[in-house]
Protein chains: 2
Amino acid sequence: MNFTTSEENYIKGIFHLQQENGLVNTNALAAEMQTRPASVTDMLKKLKEKKLLQYEKYKGFKLNEAGKKAALDVVRKHRLWEFFLVEKLKFDWDKVHPIAEELEHINSVELIQRLDNFLGNPSFDPHGDPIPDKNGKIPVIKQQSLSEIPFKKNVTVSSVSNQTAQMLDMLKHYKIAIGTQLTVLKKFEFDGSLEIKVSKQNACIISEQVAKNVFVHDIQ
Amino acid sequence: MNFTTSEENYIKGIFHLQQENGLVNTNALAAEMQTRPASVTDMLKKLKEKKLLQYEKYKGFKLNEAGKKAALDVVRKHRLWEFFLVEKLKFDWDKVHPIAEELEHINSVELIQRLDNFLGNPSFDPHGDPIPDKNGKIPVIKQQSLSEIPFKKNVTVSSVSNQTAQMLDMLKHYKIAIGTQLTVLKKFEFDGSLEIKVSKQNACIISEQVAKNVFVHDIQ
DNA sequence: AATAAAATTTAGACAAAACTAAAATTAAAA
DNA sequence: TTTTAATTTTAGTTTTGTCTAAATTTTATT
Ligand SMILES: [Mn+2]
Ligand SMILES: [Mn+2]
Ligand SMILES: [Mn+2]
Ligand SMILES: [Mn+2]
């Protein structure tokens, strides 16, 4: 099956929301897609017509298996392109999302297969998010929020759950990226901020909000 | 200025036709774009409105300076992506056009600048066509049709003027590509076909039609 | 110069994707 | 359990890009 750019964007949006909540509702998707609820309803009819969606009027909706496969396909393309932009074209990680948002809609199975090989079949994108393989299979890793890590334990940054350009820009200033080694030294009870050591550099302090959105795994 | 995908395709189509004939007419552009004359007229109004076109009803049309700059920009993107697909992703040269036809519409100045650098600022695409620089400047080379080359002279293939997939597939079978060294050995008066030597391989025979569409320059 | 043919434009329609405003349905509060 | 509020859908428009059929203009031919 082949989808329009708009359909692909909606499919991806629904997939993202249903990961957390199961059923998705119209207003939430409208917010996610930066559009109006009425536009969402229009698209839901099309996606149901194309048998990608379980949907009953007023009752919420979610992707069926065909829909999930379609979503994973778009996610795969998006993350491979992001990897390309950062690893090959040397973009900063906070600049690649809007470009990948367009590149993900180029439809050529051979293009993506060749791109995947050219990049060395990467498992994670520049933000630490897993890249589905061509069958939609996603690699999983055990990870924890930095805010739950005990003091003095060495950990490696594995992903970032808030991926706004603002957040990524902030982490860039802290020199925190995927793969960076960290140690939590101290927690300040006043506002929950953490003193951490980044790689072999001086210690610095990050807010509780930042800590909650940085995910890490054990050093290997 | 920013253009829609459809506008960019039309601009490129007009540019291509006006290279040869100066003024372009509606039916020719409709044929080039595989669309209907009425659709062309509609688009001409939009492009004139955007001040890219010299156009008077019933009198033909051509791009003005702004239009030419816009066209060169799309051509630049198209050819850089083709170069990427062949040199980095190892596509055959007869498979890249339709994919580049989509990639050329991704609008990000930084993306194209970085891609250009990543590719080593190439001057020619996989079919030997010149790649405009970011100011729209095009490198020129002296070249002649293979059908006009004297016998025994060593020449190098520089471009191909018929770029249908069928033609490119045929040249692939002859192992003729951009940069290939050739020598014309003999012309058969019966049908104008040429006996040629390709690189250091055995001699073979190509039709007059093929010879006319292969362009070469002196060996350097 | 009149007529026929070809090229081009206009008029009107359609599909996709968005919107606003109003109606319908469901959920929450009094 | 009414009443109110929030959510969702419908109805009707708009924009972009396409189309067909008909009208207009230009070009070619008698
Ligand atoms: Mn997108
Ligand atoms: Mn990402
Ligand atoms: Mn194109
Ligand atoms: Mn080319």
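Note on naming: letters A, B, ... go to the chains in the order of the sequence lines (proteins, then strands), and numbering restarts at 1 for each one.
In this view, H97(B) and H78(B) satisfy the ring-ring contact (aromatic ring centres under 6.0 Å, His included) rule, not counting sequence neighbours.
In this structure, S6(A) does not reach the dA16(C) phosphate: none of its side-chain N or O atoms is under 4.0 Å from OP1 or OP2. Considering only side-chain N and O atoms, T26(A) lies under 4.0 angstrom from the phosphate OP1 or OP2 of dT9(D). Between Y55(A) and dT8(D), a side-chain N or O to OP1/OP2 separation shorter than 4.0 Å is absent. Put simply, N25(A) has a side-chain N or O that comes within less than 4.0 Å of OP1 or OP2 on dT8(D).
Looking at residues 44-54 of chain A, you'll see K45(A) sit with a heavy atom under 4.0 Å from some atom of DNA chain D. For the segment residues 27-41 of chain A, residues with any heavy atom less than 4.0 angstrom from an atom of DNA chain D are, sorted by number, N27(A), P37(A), A38(A), T41(A).
Residue pairs meeting the side-chain hydrogen bond (donor to acceptor under 3.5 Å, both in side chains) criterion with at least one partner in residues 40-60 of chain A, sequence neighbours excluded, are E7(A)-K50(A). Residues in residues 117-144 of chain A take part in these side-chain hydrogen bond (donor to acceptor under 3.5 Å, both in side chains) pairs, two or more places apart or across chains: E82(A)-H127(A), D116(A)-N121(A), N117(A)-N121(A), D129(A)-Q163(A), Q143(A)-S158(A), Q143(A)-S159(A).
What separates CZ of F3(A) from P of dA17(C) is a distance of 12 Å, to the nearest Å. The CE atom of M43(B) sits 17 Å away from the C1' atom of dT10(C) (whole-angstrom rounding). In this structure, the CD atom of E7(B) is 14 Å from the C1' atom of dT18(D), given to the nearest Å. Atom NZ in K59(A) sits about 12 Å away from atom C1' in dT8(D), given to the nearest Å. The CZ-C1' distance, from F61(A) to dT7(D), rounds to 12 Å in whole Å.
The closest side-chain donor-acceptor pair between T4(B) and S6(B), if any, does not fall under 3.5 angstrom.
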Determine whether F84(A) and F84(B) satisfy the following criterion, ring-ring contact (aromatic ring centres under 6.0 Å, His included), listing intermediate values before the conclusion. CA-CA 12 Å; F84(A) 167 74; F84(B) 168 73; 5.2 Å; yes

Criterion side-chain contact (heavy atoms from CB on, under 4.5 Å) on V210(A) and L171(A), from CA distance to verdict: CA-CA 9 Å; V210(A) 168; L171(A) 292 176; 4.0 Å; yes

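Among the atoms of the strands shown, base atoms are found under 4.0 Å from some heavy atom of D42(B). Across all strands, Y10(B) comes closer than 4.0 Å only to sugar-phosphate atoms, never to a base (heavy-atom distances).
Between the side chain of Y58(B) and the base of dT24(D), a donor-acceptor pair under 3.5 Å is found.
Here the CG atom belonging to L119(B) is positioned 4.5 Å from the CG atom belonging to L115(B), to the nearest 0.5 angstrom.
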Please tabulate, for side-chain N and O atoms in residues 14-37 of chain B, each donor-acceptor pair with protein atoms closer than 3.5 Å (sequence neighbours left out).
{"residue": "H16(B)", "atom": "ND1", "partner": "E32(B)", "partner atom": "OE2", "Å": "3.1"}
{"residue": "Q18(B)", "atom": "OE1", "partner": "L63(B)", "partner atom": "N", "Å": "2.7"}

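With respect to the salt-bridge test (charged N to carboxylate O, under 4.0 angstrom), the residues E101(B) and K77(B) do not qualify.
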